[in-house]
Amino acid sequence: DLKLLERQEDGLNAFFGTKEITDITTPLMREYFNLLDQNRVAPLAASTKTKHGIVIRKVLMIAVEEKIIPSIPLIPKFSIKNNPRVTFKEEEYKKFIQGIKRLALKGDVIRGNRLTDEFYYFTLFIVHSYLRPIKTEAFGLKHHHIEIKDDPPHIQLDVDGKTGRRKSISTIFGAEIYQKLKNCNPDFNSPDDFIFLPKMKNRETAVRIGQRFFNHVVEHENLKFDKDGNPRSLYSLRHYALQIRMIKSGGEINIFDLAKNAGTSVNQLEKFYLKFMERSPAQVRSLQVFASDV
């Protein structure tokens with residue numbers, strides 16, 4: 001909120017600070033939002049403009065409580081477009097992970113950091129645990145956050161993530177992938193060691209290295225963009241993980257359980273991840289079923 005208030009060029013204080021609060025009207029607010037767009041190469045996203053509007057409302061609410069103005073004028077609203085998350089098709093994902101193996105074998109070095117099998121197994125780890133590839137989730141995970149389970153074999157992760165603390169479970173391949181990841185750093189398997197790039201104590205740096213590895217591979221494999229020209233990012237691995245789980249289950253998975261396990265909601269899954277998901281053969285067949293003639 002302070003950044004929006006205090007930005008010198010076109011912050012809220014810079015624009016509204018010299019005006020009487022009783023003069024702040026809806027047309028004046030629209031003028032402010034137009035100024036924000038004029039000062040940028042591309043217009044601000046609707047979600048960002050909405051944040052500005054929330055700060056304006058908070059300030060005006062104080063004026064209402066102090067009886068300086070009788071009510072809050074209408075705050076302009078901006079339609080937020082729900083774009084599906086950029087992901088991989090299954091054959092594209094396979095090409096991506098094969099690309100990691102090939103480039104690691106070649107010994108590619110990206111800005112001083114060598115691409116190795118560690119990134120290959122870390123990629124598999126993200127996909128099989130549905131983690132967000134961010135500092136507080138995949139990149140913040142330490143060995144003491146992981147517990148190996150059986151019946152069926154999997155790992156349970158204690159995740160303090162974007163949506164709060166949760167217990168998350170992997171697929172049945174999680175334990176095997178985790179062991180492979182541990183083998184990449186045999187000297188860093190203590191409970192308080194990070195599971196990926198454990199030598200990097202600054203996890204912001206670890207995130208940047210992971211992003212550079214990802215970008216290096218997708219560029220070499222001609223996978224940087226999807227068929228609609230949308231750029232893929234490290235987050236595309238999580239998007240793929242959620243979509244492929246739905247596809248491989250043939251629609252049998254409990255979508256509520258999947259959302260809870262991934263630290264999201266059914267609404268978010270439907271709105272962003274599953275809207276343009278390819279259907280499995282089993283799902284296609286289920287859409288062709290006719291009632292029995294009996």
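These figures come from a predicted structure and were not determined experimentally.
Across all non-hydrogen atoms, the minimal contact from Ile21 to Ile68 is CG2-CG2, 3.6 Å. When every heavy atom of Ile126 is checked against every heavy atom of Ala241, the shortest pair comes out as O-CB, 4.5 Å. For Lys106 against Asp108, the heavy-atom pair with the smallest separation is CE-OD1, 2.6 Å. Smallest separation of non-hydrogen atoms from Arg245 and Ile253: CG-CD1, 3.5 Å. In terms of heavy atoms, Asn185 sits closest to Glu118 at ND2-OE2, 2.9 Å. Taking each heavy atom of Ile100 and Leu115 in turn, the nearest pair found is O-CD2, 4.3 Å.
Checked by atom type, the side-chain pair Gln179/Asn183 shows a donor-acceptor distance below 3.5 Å.
Remark: the backbone N or O of Phe119 is paired with a side-chain donor or acceptor of Thr123 at under 3.5 angstrom. Proximity of a side-chain donor or acceptor of Asp117 to a complementary backbone N or O of Tyr120 within less than 3.5 Å is not detected. Thr26 places a side-chain N or O within 3.5 Å of a backbone atom of Leu74 that can act as its donor or acceptor partner. Between the side chain of Arg165 and the backbone N or O of Val159 there is no donor-acceptor pair closer than 3.5 Å. At least one donor-acceptor pair closer than 3.5 Å links the side chain of Asp226 to the backbone N or O of Asp228. No donor-acceptor pair under 3.5 Å is formed between the side chain of Lys67 and the backbone N or O of Ala63. Although no hydrogens or angles enter the test, the distance criterion places a donor-acceptor pair under 3.5 Å between the side chain of Arg132 and the main chain of Gly263. The backbone N or O of Phe194 sits nowhere less than 3.5 Å from a side-chain atom of His145 that would complete a donor-acceptor pair. Using modelled atom types, one side-chain atom of Thr87 and one backbone atom of Tyr240 make a donor-acceptor pair closer than 3.5 Å. Formation of a donor-acceptor pair under 3.5 Å by the His154 side chain with backbone atoms of Pro152 is found in this model.
The closest side-chain heavy-atom distance from Asn230 to Phe225 is not below 4.5 Å. For the pair Asn215/Lys224, a side-chain contact is recorded, criterion being any heavy-atom separation below 4.5 Å from C-beta on. Proximity of Met200 to Arg208: side-chain heavy atoms (C-beta onward) are nowhere separated by under 4.5 Å. In this structure, Cys184 and Lys180 have side chains that are not in contact, with every pair of non-hydrogen atoms separated by 4.5 Å or more. Contact of the Lys142 side chain with the Ile195 side chain is not registered, since no non-hydrogen atoms from C-beta on lie closer than 4.5 Å. The closest side-chain heavy-atom distance from Leu103 to His220 is below 4.5 Å. Counting heavy atoms from C-beta on, the side chains of Lys95 and Glu91 never come closer than 4.5 Å. For the pair Ile56/Ile75, a side-chain contact is recorded, criterion being any heavy-atom separation below 4.5 Å from C-beta on.
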Check against salt bridge (charged side-chain N to carboxylate O under 4.0 Å, His left out), Lys94 and Glu92: CA-CA 5 Å; Lys94 289 179 179 178; Glu92 292 172 327; over 6 Å; no
Tyr178/His143 under ring pair (Phe, Tyr, Trp, His ring centres under 6.0 Å): CA gap, chis, key distance, verdict: CA-CA 10 Å; Tyr178 173 52; His143 291 289; 5.7 Å; yes
Test log, rule side-chain contact (heavy atoms from CB on, under 4.5 Å), inputs Glu270 and Ile255: CA-CA 9 Å; Glu270 292 176 333; Ile255 193 171; 4.3 Å; yes
Stepwise side-chain contact (heavy atoms from CB on, under 4.5 Å) check, Ile209 with Thr205: CA-CA 6 Å; Ile209 292 171; Thr205 301; 4.0 Å; yes
Ring pair (Phe, Tyr, Trp, His ring centres under 6.0 Å) assessment of Phe196 paired with Phe125: CA-CA 10 Å; Phe196 178 64; Phe125 191 89; 10.0 Å; no
Evaluation steps, side-chain hydrogen bond (donor to acceptor under 3.5 Å, both in side chains), between Asn261 and Lys167: CA-CA 7 Å; Asn261 192 58; Lys167 294 286 187 182; over 6 Å; no
Residues Asn34, Gln38; criterion side-chain hydrogen bond (donor to acceptor under 3.5 Å, both in side chains); working and verdict: CA-CA 6 Å; Asn34 288 336; Gln38 291 169 10; 5.9 Å; no
Stepwise side-chain contact (heavy atoms from CB on, under 4.5 Å) test for Leu12 and Val59: CA-CA 10 Å; Leu12 290 163; Val59 174; 6.0 Å; no
Verdict with reasoning, Phe122 to Phe139, per ring pair (Phe, Tyr, Trp, His ring centres under 6.0 Å): CA-CA 10 Å; Phe122 184 63; Phe139 287 90; 5.1 Å; yes
Worked check of salt bridge (charged side-chain N to carboxylate O under 4.0 Å, His left out) between Arg166 and Asp158: CA-CA 6 Å; Arg166 72 179 188 274; Asp158 185 359; over 6 Å; no
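Going from atom CD1 of Ile169 over to atom OG1 of Thr171 covers 9.5 Å, rounded to the nearest 0.5 Å. We find the CD1-CG distance between Ile155 and Asp150 to be 13.5 Å, quoted to the nearest 0.5 Å. One finds the CG atom of Leu157 at 5.5 Å from the OG atom of Ser168 (value rounded to the nearest 0.5 Å). With rounding to the nearest 0.5 Å, the separation of CG in Leu141 from NZ in Lys135 is 15.0 Å. For the atom pair CZ (Arg57) and NE2 (His52), the distance works out to 16.0 Å, reported to the nearest 0.5 Å. The CD1 atom of Ile244 lies 15.0 Å from the NE2 atom of His239; values are rounded to the nearest 0.5 Å.
Within a 6.0 Å sphere centred on CG of Asn222, other residues, nucleotides and ligands contribute 12 heavy atoms or fewer. Heavy atoms from other residues, nucleotides or ligands lying under 6.0 Å from NZ of Lys260 number 12 at most. Remark: Phe15 CZ is packed, more than 12 non-hydrogen atoms of other residues, nucleotides or ligands lying under 6.0 Å away. Residue Lys199 qualifies as open at atom NZ: its count of foreign heavy atoms under 6.0 Å is 12 or below. Heavy-atom neighbours of Glu20 CD from other residues, nucleotides or ligands within 6.0 Å: at or below the threshold of 12.
Note on Ile62 and Val64: separate hydrophobic clusters, where clusters join Ile, Leu, Val, Met, Phe, Trp and Tyr whose side-chain heavy atoms are under 4.5 Å apart, directly or indirectly. The hydrophobic cluster containing Ile172 also contains Leu124, counting ILVMFWY residues as joined when their side-chain heavy atoms lie under 4.5 angstrom apart, directly or transitively. There is a path of hydrophobic side-chain contacts, each under 4.5 Å, that joins Leu44 to Met29. No chain of hydrophobic side-chain contacts below 4.5 Å, direct or via other Ile, Leu, Val, Met, Phe, Trp or Tyr residues, connects Phe33 to Ile54.
Phe214 and Phe88 have perpendicular rings, their planes meeting at more than 60° on a 0 to 90° scale where under 30° would count as parallel. Between Tyr32 and Phe16, the two ring planes are tilted [angle within 30° to 60°].
In this view, Glu176 satisfies the side-chain hydrogen bond (donor to acceptor under 3.5 Å, both in side chains) rule with no residue, not counting sequence neighbours.
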